[in-house]
J.: 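Okay, handing you the structure first.
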2 protein chains.
Amino acid sequence: MSSISRRSTIVEVARLAGASKTSVSRYFGEERDRLSPSLQARIAHAAGTLGYQPNQMARGLKGGRSKLIGMLVADIRNPFSVAITHGVEQACRQYGYSLVVCNTDNDPEQERQHLDLLGAYQVEGLVVNASGNPERQLHTFISLGTPIVLLDREVDHVEAEVVGLDNHLAIDMALKYLAGQGYQAVLYVSEAPEQSSTRQRRLSRFHQAAEQRGLHNATLLLAAPNGTAAQQTLSDFLAAHQQHACAVLCGNGTATLAVTRLFQQLGLTLGKVGLMGIDELDWCALVSPGITTLAQPTDAISKTAVECLMHRIAPHTSAMPTTVSFAPSLIERGSTQR
Amino acid sequence: MSSISRRSTIVEVARLAGASKTSVSRYFGEERDRLSPSLQARIAHAAGTLGYQPNQMARGLKGGRSKLIGMLVADIRNPFSVAITHGVEQACRQYGYSLVVCNTDNDPEQERQHLDLLGAYQVEGLVVNASGNPERQLHTFISLGTPIVLLDREVDHVEAEVVGLDNHLAIDMALKYLAGQGYQAVLYVSEAPEQSSTRQRRLSRFHQAAEQRGLHNATLLLAAPNGTAAQQTLSDFLAAHQQHACAVLCGNGTATLAVTRLFQQLGLTLGKVGLMGIDELDWCALVSPGITTLAQPTDAISKTAVECLMHRIAPHTSAMPTTVSFAPSLIERGSTQR
DNA sequence: GCTCAAAATGGAACCGATACCATTACTTTA
DNA sequence: TAAAGTAATGGTATCGGTTCCATTTTGAGC
């Protein structure tokens, strides 16, 4: 019944085709054209009957060509990350690479472990959405010649392409829009910035830009999701600015989710108190009257990230931009209609 | 500057430690104990200074121990899949395995390609959430002795563990609950069943159980997400059962999302027309008055799937159950309160 | 102190491919 | 026609480990 057979190897194909290992190897590699049509046919037939498939492990060993791309994701459950991962995988496949996705759950220790692991599998490129600051290990990759692309978040002292949203612009767009809608006081809600350059950047730009526009402003950092501190901060903010039209701007999808819950708990009316979020989510249209968002072009971001990588994997290595930033698009809904 | 160095190898460590390849190999393998403490120390030190890390590609070659698990996901963007993937990855890591996730976007052709690929990487086990019916290839794995676990969906003629929700029970729970809430007519909404055994099973059980309970019932299969056909079907259903309390039961998260949109388009009031979904989603609590759901125990499901795999990877191969089904848990919200 | 088994270590073949360097058979070109 | 180039193919070392078997140490038992 379950007669544990083995996967057939290149030698078996060679024997059956009456050819040499080398020829078979050529057939499955880049040099198929160098083989005469008759030899090609014989090999194709032999491989077909045997159900042969080259062993990637063995391939990777000699040439270092694992055909593997590694990806580090800070939080796979975040919708933005899901979209990005999906895009990166697709793009990789188009280039003939497979993707190994590692989720770090925002834990620097796991991040380190995963990086070691990806190294052990000889990935040919790395897409990193960092949790911490794995300088050391990224430098190892760099000195090994493995291209790295930083996705959404930068890592201190690591020079590599950074692909992501134009955070500066995003905040500006949001504030401009909110101000235009007549809101005079804005509370910015973000998860704790910690190591995330993106969160830091959005946060600091918010401060700056809000001041420039003469908006009343404050920020709320989400700590433990269960804490009642957030609720307190929000109602305090509203109380302090009773005489002004208030709005809340959320730094990412998680924040939007948390704040929407808060609104509900406090019985706030969307629109009367404005609400706007960075990152478009499935349900933003459903919570009536809809939540206004700045959508990130996730497909473009992931496609670009992979392109950068491929560009540098090929012995092409021309100079490349250090940063590629995309503009978000505004999706207007009822939550910012007073 | 970027002096492309190489990763250090076992020979270098051996030389530096004044030991043999074999000993170093033992040190990093299962046989560390067989080495004297002093040798262990020397090797540890040498490996440390060189930053050595065994090359998994090479390892996989000889023993076939790639330490890789492959996972096939039908739709990575589905929240249920995200949760499962997250769980599977965690579980794998606990067992010292890495996970290669392949998304098939519900396309049988991509599924085939990905399976070939995973084979080429010598994965030691496979978690399959199938899109089509890749019998042929799964049998290849089976005859090669690679354990397979089917997740959520069965595949015809492939004998392997099936881990997932108890669909029969889930439908029964839903209908019992809806009936208990006083709904007399229920519309079941599902994505096209096609190859998904789960969708098929839920659908047919729905029919059966609804009849048994004497509920008026009908089903709506979501086709193109843009079609207006769905809207028509829903309003027809409501019109046809004006004299009864109507509810909609959604077969999965995607359906819930689609139907919630329909409710909004048609201006239906949640509760007055009941709404209930299988799969818990982030936002179900937010669309007031909240959407009642049957939550799947995603962590348990993924953990179990990996356990099955590990159980059979180890030369342990005792008999195992063919199917492990979990009960969902009911999360009651306003959408089923008349 | 000597024998013998067990523990510790090393040597070399091997896993399944790739890649460099032949070799052979034809064409061109001078 | 000889020299030289090119296309088609094969031989073999090699990648970085693991594993089996051989060898050397060590220690227990008498």
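All heavy atoms count here, side chains included; hydrogens, waters and symmetry mates do not. All chains are named by letter (A, B, ...) in the order of the sequence lines, taking the proteins before the strands, and each is independently numbered beginning at 1.
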J.: Using 4.0 Å as the upper bound for N to carboxylate O, is an ion pair formed by B:R65 and B:E30?
T.: no

J.: Check salt bridge (charged side-chain N to carboxylate O under 4.0 Å, His left out) between B:E109 and all other residues, then give those that pass, not counting sequence neighbours.
T.: B:R112

J.: Sequence neighbours excluded, which residues qualify as salt bridge (charged side-chain N to carboxylate O under 4.0 Å, His left out) partners of B:R199?
T.: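 Applying salt bridge (charged side-chain N to carboxylate O under 4.0 Å, His left out) to B:R199 gives B:E191.
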
J.: My understanding is that only residues two or more places apart in sequence, or in another chain, count here; which of them pass salt bridge (charged side-chain N to carboxylate O under 4.0 Å, His left out) with A:E111?
T.: none

J.: Assess the side chains of B:Q110 and A:R93: does a donor N or O sit below 3.5 Å from an acceptor N or O?
T.: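 There is such a pair (donor and acceptor under 3.5 Å, judged by atom type) between the side chains of B:Q110 and A:R93.
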
J.: Does anything in residues 11-33 of chain B form a ring-ring contact (aromatic ring centres under 6.0 Å, His included)? List the pairs, not counting sequence neighbours.
T.: B:F28-B:Y52

J.: If you assign B:A58 and B:S36 each to the DNA chain C nucleotide with the nearest heavy atom, which residue ends up on the more 5' nucleotide?
T.: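 Closest to the 5' end, via its nearest nucleotide, is B:S36.
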
J.: Partners of A:T22 by side chain to side chain contact (heavy atoms under 4.5 Å, CB included), sequence neighbours excluded?
T.: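 Here the qualifying residues are A:S20, A:R26.
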
J.: Could you tell me which residues satisfy side chain to side chain contact (heavy atoms under 4.5 Å, CB included) with B:D156, sequence neighbours excluded, listed by chain and number?
T.: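 Counting only residues at least two positions away or on another chain, B:D156 forms a side chain to side chain contact (heavy atoms under 4.5 Å, CB included) with B:N133, B:E135.
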
J.: Rounded to 10°, tell me the angle between the two end axes of the helix from C:dG1-D:dC30 to C:dA30-D:dT1, each built from five pairs.
T.: 40°

J.: On DNA chain D, reading 5' to 3', which nucleotide is the first and which the last to sit with an atom under 4.0 Å from a heavy atom of chain B, could you check?
T.: D:dG16 to D:dC21

J.: Quick test of your reading: applying ring-ring contact (aromatic ring centres under 6.0 Å, His included), list the pairs with at least one residue in residues 112-158 of chain A, sequence neighbours left out, ordered by first then second residue.
T.: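 Of all non-adjacent pairs touching residues 112-158 of chain A, none passes ring-ring contact (aromatic ring centres under 6.0 Å, His included).
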
J.: Touch check for A:Y27, heavy atoms < 4.0 angstrom, all strands: base, sugar-phosphate only, or nothing?
T.: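 No contact.
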
J.: For the pair made of CZ in A:F28 and C1' in C:dT18, what is the distance, rounded to whole Å?
T.: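 Distance check: A:F28 CZ to C:dT18 C1' gives 14 Å.
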
J.: Taking the nucleotide of DNA chain D with the closest heavy atom to each, which residue, B:I10 or A:L35, is nearer the 5' end?
T.: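 Closest to the 5' end, via its nearest nucleotide, is A:L35.
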
J.: Among all residues two or more places apart in sequence or in another chain, which pass the side chain to side chain contact (heavy atoms under 4.5 Å, CB included) test with A:A300?
T.: A:P297, A:F326

J.: Kindly say if A:T9 contacts the phosphate of C:dG16, meaning a side-chain N or O under 4.0 Å from OP1 or OP2.
T.: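 Looking at the OP1 and OP2 atoms of C:dG16, neither is under 4.0 Å from any side-chain N or O of A:T9.
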
J.: How would you list, by chain and number, every residue that makes a side chain to side chain contact (heavy atoms under 4.5 Å, CB included) with B:A91, sequence neighbours excluded?
T.: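 Side chain to side chain contact (heavy atoms under 4.5 Å, CB included) check on B:A91 returns B:V306.
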
J.: Where do N or O atoms of nucleotides 19-28 of chain C meet protein N or O atoms at under 3.5 Å, pair by pair?
T.:
from: C:dA19; atom 1: N6; to: A:T22; atom 2: OG1; distance (Å): 3.1

J.: Find which nucleotide of DNA chain C each of B:A19 and A:M57 is nearest to by heavy atoms, and output the residue with the more 5' nucleotide.
T.: B:A19

J.: To the nearest angstrom, how far is A:E12 atom CD from C:dC15 atom C1'?
T.: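 Taking CD of A:E12 and C1' of C:dC15, I get 13 Å after rounding.
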
